Trainee: 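Sharing a structure here in structure tokens format.
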Amino acid sequence: MYVKLKSAAMAAAAFSILPVHAEKPDDAAVVVTATRVSHRETEATHAAEVHSRRMIENSGATTLLDYLGQHSSLTVMPNYGNRFTPVIEMRGYGLEAGNQNVVVSIDGQRLNNIDLQPQLLGAIPLSAVDRIEIAKGTGSVMQGDGAMAGAINITTPHHDGVSFGISTGSHGALAASATAGMSGDTLSLTVSADNDRHGGFSAPDSSGKKDASSLRAERARLTATPTHDLTLRLDLSSAHVDTRYANALTLAQFNANPAQNGGANIFTNYVSDVDRWRAGMEYRISDTLKLTADHHRLDQQNASTAWWGSFKAGYDAEGNDVALIYTGPSLSLTVGWQQADASRTQTTNRTAKDNSGQYFQGAYRHGNTTFSLGGRHEKVDYSYTPTAGARTTGNHRLSAWDAGINHRLTEKYTVFGNVNASFQAPDVDRFFNAGGAFNGLIAPARAKTLTVGIHRDAGRDNRFKLALFRANLTNEIYYDPIGFNNTNIDKSHKQGIEVHQYWKATADVSINANYAWTKAVIDRENSAAGAYAGKEMPGVPRHSLNLAATYAINASSDATLTHSWRAKSYAIGDFDNNNAQRQAAFEATNLSFRHKRNSMDYFVTFNNIFNRVNGVWTGDNSIYPMNFSRSLIAGINVRI
């Protein structure tokens with residue numbers, strides 16, 4: 001294993017052998033969500049990946065899903081065809097459960113829910129995103145439940161003026177968006193509406209329906225500052241998703257024509273309505289001390305209809321977030337309390353999950369060294385109440401902690417190390433098997449993660465980071481395809497190397513590269529008579545690579561070429577590594593052009609230009625086609 005690790009490290013280090021144009025470090029590169037206190041990215045005591053608005057604008061991407069999948073270190077792909085709730089995988093937690101192990105928030109509002117559906121990233125237009133911050137192997141103290149692999153925070157600023165955009169393309173793609181706002185010293189208001197439709201890639205099912213999808217989303221944000229020390233905020237959002245999932249194909253069908261419908265079964269139709277609101281305040285007690293408080297509410301309805309039956313459930317969540325934040329010249333400290341009561345309601349039962357956690361997170365800077373330390377205690381209560389039968393209850397007392405150090409070696413180089421303990425209390429959907437029957441409460445997962453790395457900062461146009469990590473887990477949560485229920489892996493571990501290089505090679509050319517080598521292993525598992533023990537976690541490729549190069553044709557136009565590649569792996573359900581068919585390697589190359597003229601931004605994107613055929617293997621002869629044909633999208637964004 002040491003030889004493989006060393007080889008991967010040497011390959012990763014090749015990214016750092018790029019010419020360096022020394023510049024003064026850019027103070028705009030900060031990480032703001034790890035402790036709620038702003039500090040420079042190079043001083044972070046954990047592996048941090050920051051994507052600024054300038055990088056997003058220069059990427060050529062048209063959606064948030066495209067940007068994350070092509071320009072970040074994350075594995076992001078449609079969820080069996082659903083483009084609006086994409087699968088997110090980071091640090092070897094797999095395609096089936098990856099999104100459950102990453103906490104995603106927008107402007108500090110958590111997007112994770114107690115269902116198994118991935119976060120609704122499709123409702124966030126890329127044009128509204130100001131920053132994306134990815135914290136790896138940390139975040140459990142501030143975010144609590146679910147931040148096993150890390151945390152992603154997306155920031156959207158207030159809008160000033162009016163803007164709108166429209167795009168169309170192949171396969172019935174059509175999208176329109178509009179945003180209006182005013183931003184002032186005492187009052188800021190932003191309202192937006194988005195509508196996105198796609199006609200589908202596959203042939204119609206037996207009822208004549210294609211794997212079409214649509215999204216309608218609205219959001220309103222209000223910020224008021226009645227006094228110099230007090231800020232009030234209100235955030236309202238609503239989203240409606242309607243999508244059909246194409247049927248799985250056999251290998252022969254996939255090779256013959258991945259666009260076929262897979263047989264006589266109708267496509268599964270999934271519909272979700274999500275309404276959120278949050279009200280909060282920030283009060284500055286002094287120049288160094290402030291108090292924040294937020295109350296949030298979620299109402300969600302999920303329904304699906306398939307050839308084998310139907311499912312319908314309502315989800316609701318309500319909670320509070322209170323924090324006291326001290327920011328001094330060398331010391332910062334956040335102390336807080338977070339609470340959420342959530343439930344899933346069906347006609348025959350109600351299942352609840354209630355979280356309540358207290359935490360502290362601090363950082364101290366002494367000379368060229370920054371230390372961080374944090375801890376969290378969380379109580380989780382469960383209850384399953386059927387309309388007929390006995391009530392089942394359970395509770396857990398869980399803890400998280402985080403300790404890190406960052407030391408500046410030279411003006412350009414810093415080194416960092418971080419040790420993190422995290423947990424994931426299972427979401428309530430995990431308590432039900434594939435047929436919808438209650439399979440009992442399962443144990444929470446726990447992880448301890450060590451990350452060490454080096455960061456080189458030669459200015460905002462030349463940044464390199466190398467990180468090595470190891471995570472040891474107990475009771476990792478997964479779906480057992482043999483028992484058809486959700487359960488725990490007794491012991492497992494994940495280790496890997498992550499490399500990020502952003503380099504503006506010339507005045508006209510910039511390069512963004514992300515590489516990861518990951519190995520995830522099941523150390524011990526009693527299920528399936530021990531057949532899983534010692535095997536690799538399915539759905540985790542050893543190697544993944546995202547490359548992007550942007551060329552400025554002139555002052556108003558640029559072209560961006562991206563290439564994404566992930567090595568083959570075991571199929572999602574192949575826990576004994578014994579399937580005849582493996583998950584094939586993923587590969588896609590995209591080319592986009594952008595032209596700016598006054599307040600108008602024209603773009604055209606050619607996706608999968610080499611017509612690579614990709615799919616997701618869940619088992620032998622169970623393949624869900626994805627990104628298997630060339631497509632085009634063109635549009636215009638206008639700002640008044």
Side-chain angles (χ1 to χ4, degrees), residues 85 93 96-105 109-120 139-140 142-148 151 272 274-276 278 294-302 311-321 336-359 376-387 389-400 422-433 436-447 475-479 485-488:
T85 57
Y93 282 83
E96 189 268 331
N99 63 282
Q100 298 286 302
N101 292 280
V102 178
V103 173
V104 181
S105 60
Q109 185 173 13
R110 187 182 177 108
L111 296 184
N112 297 51
N113 193 15
I114 60 169
D115 64 344
L116 286 180
Q117 283 295 322
Q119 298 86 349
L120 187 55
S140 61
M142 300 293 292
Q143 301 291 349
D145 191 0
M148 299 264 284
S272 180
V274 184
D275 295 306
R276 299 176 186 268
R278 180 181 59 159
D294 289 277
H295 180 79
H296 58 85
R297 172 79 191 182
L298 163 75
D299 291 290
Q300 180 173 329
Q301 297 290 327
N302 291 352
F311 169 84
K312 186 175 182 180
Y315 299 83
D316 64 80
E318 190 167 12
N320 301 283
D321 187 336
W337 168 70
Q338 295 169 335
Q339 169 266 334
D341 295 336
S343 66
R344 161 181 147 165
T345 304
Q346 295 180 276
T347 56
T348 59
N349 61 78
R350 182 180 184 273
T351 310
K353 177 184 180 182
D354 300 334
N355 293 62
S356 180
Q358 306 84 37
Y359 67 91
R376 183 185 187 96
H377 175 76
E378 188 151 337
K379 177 185 177 184
V380 185
D381 294 315
Y382 291 104
S383 66
Y384 167 71
T385 308
T387 54
R391 185 171 185 259
T392 303
T393 62
N395 62 78
H396 304 292
R397 301 293 188 273
L398 302 169
S399 62
S422 57
F423 61 86
Q424 181 198 358
D427 290 333
V428 298
D429 280 358
R430 290 287 188 183
F431 299 148
F432 299 85
N433 62 25
F438 182 64
N439 64 210
L441 305 181
I442 60 177
R446 292 177 170 88
N475 292 324
E476 184 174 2
I477 300 170
Y478 77 110
Y479 174 75
N485 65 336
N486 294 285
T487 183
N488 300 100

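Source: prediction; values computed, not measured.
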Trainee: side-chain hydrogen bond (donor to acceptor under 3.5 Å, both in side chains) with T345: which residues, sequence neighbours excluded?
Mentor: none
Trainee: Can you confirm if the aromatic rings of Y384 and F431 lie within a centre distance of less than 6.0 Å?
Mentor: no
Trainee: What residues form a side-chain hydrogen bond (donor to acceptor under 3.5 Å, both in side chains) with Q119, not counting sequence neighbours?
Mentor: N112
Trainee: Just how far is it from atom CG of L116 to atom OG1 of T85, taken to the nearest 0.5 Å?
Mentor: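 Those atoms lie 11.5 Å apart.
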Trainee: Using the test side-chain contact (heavy atoms from CB on, under 4.5 Å), find all partners of R278 that sit at least two apart in sequence or belong to another chain.
Mentor: D107, Q109, D235, D294, H296
Trainee: Determine, stepwise, if the pair Q424 / D145 fulfils side-chain contact (heavy atoms from CB on, under 4.5 Å).
Mentor: CA-CA 5 Å; Q424 181 198 358; D145 191 0; 4.2 Å; yes
Trainee: Measuring from I114:CD1 to Q300:CD, what's the distance to the nearest 0.5 Å?
Mentor: 9.0 Å
Trainee: Taking ring pair (Phe, Tyr, Trp, His ring centres under 6.0 Å) as the test, write out the residues that go with H377, two or more places apart.
Mentor: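 H377 satisfies ring pair (Phe, Tyr, Trp, His ring centres under 6.0 Å) with no residue once adjacent residues are dropped.
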Trainee: Which atom names give the shortest non-hydrogen contact between S140 and S422, and what distance separates them?
Mentor: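 Minimum heavy-atom separation between S140 and S422: CB-CB, 3.5 Å.
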Trainee: Distance check, rounded to the nearest 0.5 Å: N302 atom CG versus K312 atom NZ?
Mentor: 11.0 Å
Trainee: Which pair of heavy atoms, one from K353 and one from A425, lies closest together, and at what distance?
Mentor: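 Closest pair (atom of K353, atom of A425, distance): NZ-O, 2.8 Å.
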Trainee: Excluding sequence neighbours, so at least two apart, what forms side-chain contact (heavy atoms from CB on, under 4.5 Å) with A97?
Mentor: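 If we apply the side-chain contact (heavy atoms from CB on, under 4.5 Å) test to A97, skipping adjacent residues, the hits are N101, R430.
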Trainee: Who pairs with K379 by salt bridge (charged side-chain N to carboxylate O under 4.0 Å, His left out), at least two apart in sequence or on another chain?
Mentor: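 Once residues adjacent in sequence are excluded, the partners of K379 under the salt bridge (charged side-chain N to carboxylate O under 4.0 Å, His left out) criterion are D381.
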Trainee: List for me each residue that meets salt bridge (charged side-chain N to carboxylate O under 4.0 Å, His left out) alongside D354, sequence neighbours excluded, and say none if there are none.
Mentor: none
Trainee: Could you check if a side-chain atom of T351 sits within less than 4.5 angstrom of a side-chain atom of F438, using non-hydrogen atoms only?
Mentor: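 No; the side chains remain at least 4.5 Å from each other.
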Trainee: For S356, what residues pass the side-chain hydrogen bond (donor to acceptor under 3.5 Å, both in side chains) criterion, not counting sequence neighbours?
Mentor: W337
Trainee: Can any side-chain N or O of N485 pair as donor or acceptor with the backbone N or O of N439 at less than 3.5 Å?
Mentor: no
Trainee: Could you pull out the closest heavy-atom pair between N475 and A443, with the gap in Å?
Mentor: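 In terms of heavy atoms, the two residues are closest at ND2-CB, 3.9 Å.
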Trainee: What residue among D427, D115, D316, D429 forms salt bridge (charged side-chain N to carboxylate O under 4.0 Å, His left out) with R344?
Mentor: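 That would be D429.
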Trainee: Decide yes or no for N486 and Y478: does some side-chain heavy atom of the first lie under 4.5 Å from some side-chain heavy atom of the second?
Mentor: no
Trainee: With sequence neighbours excluded, what pairs up with Y315 under the ring pair (Phe, Tyr, Trp, His ring centres under 6.0 Å) test?
Mentor: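 With sequence neighbours excluded, Y315 shows a ring pair (Phe, Tyr, Trp, His ring centres under 6.0 Å) to no residue whatsoever.
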Trainee: Can you list everything that forms a salt bridge (charged side-chain N to carboxylate O under 4.0 Å, His left out) with D299? Sequence neighbours excluded, please.
Mentor: R297
Trainee: Looking at every non-hydrogen atom in both residues, tell me the closest pair between T393 and R391 and how far apart they are.
Mentor: CG2-NH1, 3.3 Å
Trainee: Side-chain contact test, heavy atoms from C-beta onward, threshold under 4.5 Å: evaluate it for I477 versus Q100 and give yes or no.
Mentor: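 Sidechains of Q100 and I477: no contact.
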Trainee: Locate the shortest heavy-atom distance separating A313 from Q346; write the atom from each residue and the value.
Mentor: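 Scanning both residues completely, I find the closest heavy atoms to be CB-CG, 3.8 Å.
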Trainee: Look up atom CG in N320 and atom NE2 in H295, then write down how far apart they are to the nearest 0.5 Å.
Mentor: 5.5 Å
Trainee: Suppose we screen for side-chain hydrogen bond (donor to acceptor under 3.5 Å, both in side chains). Which residues come up paired with Q301, at least two apart in sequence or across chains?
Mentor: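 By the side-chain hydrogen bond (donor to acceptor under 3.5 Å, both in side chains) rule, Q301 matches no residue at all.
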Trainee: Who passes salt bridge (charged side-chain N to carboxylate O under 4.0 Å, His left out) against R376, sequence neighbours left out?
Mentor: E378
Trainee: Any side-chain heavy atom of L120 sitting closer than 4.5 Å to one from L111?
Mentor: no
Trainee: Restricting to non-hydrogen atoms, name the atom on F423 and the atom on A400 that form the minimum distance, rounded to 0.1 Å.
Mentor: CE2-CB, 3.9 Å
Trainee: If only atom types and distance count, is the side chain of R110 paired as donor or acceptor with the main-chain N or O of Q143 below 3.5 Å?
Mentor: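 Yes, because the side chain of R110 sits within donor-acceptor range (under 3.5 Å) of the backbone of Q143.
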Trainee: Any sub-3.5 Å donor-acceptor pair from Q338's side-chain atoms to M142's backbone N or O?
Mentor: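 Confirmed, Q338 side chain pairs with M142 backbone.
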Trainee: Look at the side chain of Y382 and the backbone N and O of P426, then say whether any donor-acceptor pair between them is shorter than 3.5 Å.
Mentor: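 It does hold such a pair.
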Trainee: To the nearest 0.5 Å, how far apart are CG in N99 and OH in Y93?
Mentor: 13.5 Å
Trainee: Calculate, to the nearest 0.5 Å, the distance between atoms CG and OG1 belonging to N349 and T385 respectively.
Mentor: 8.5 Å
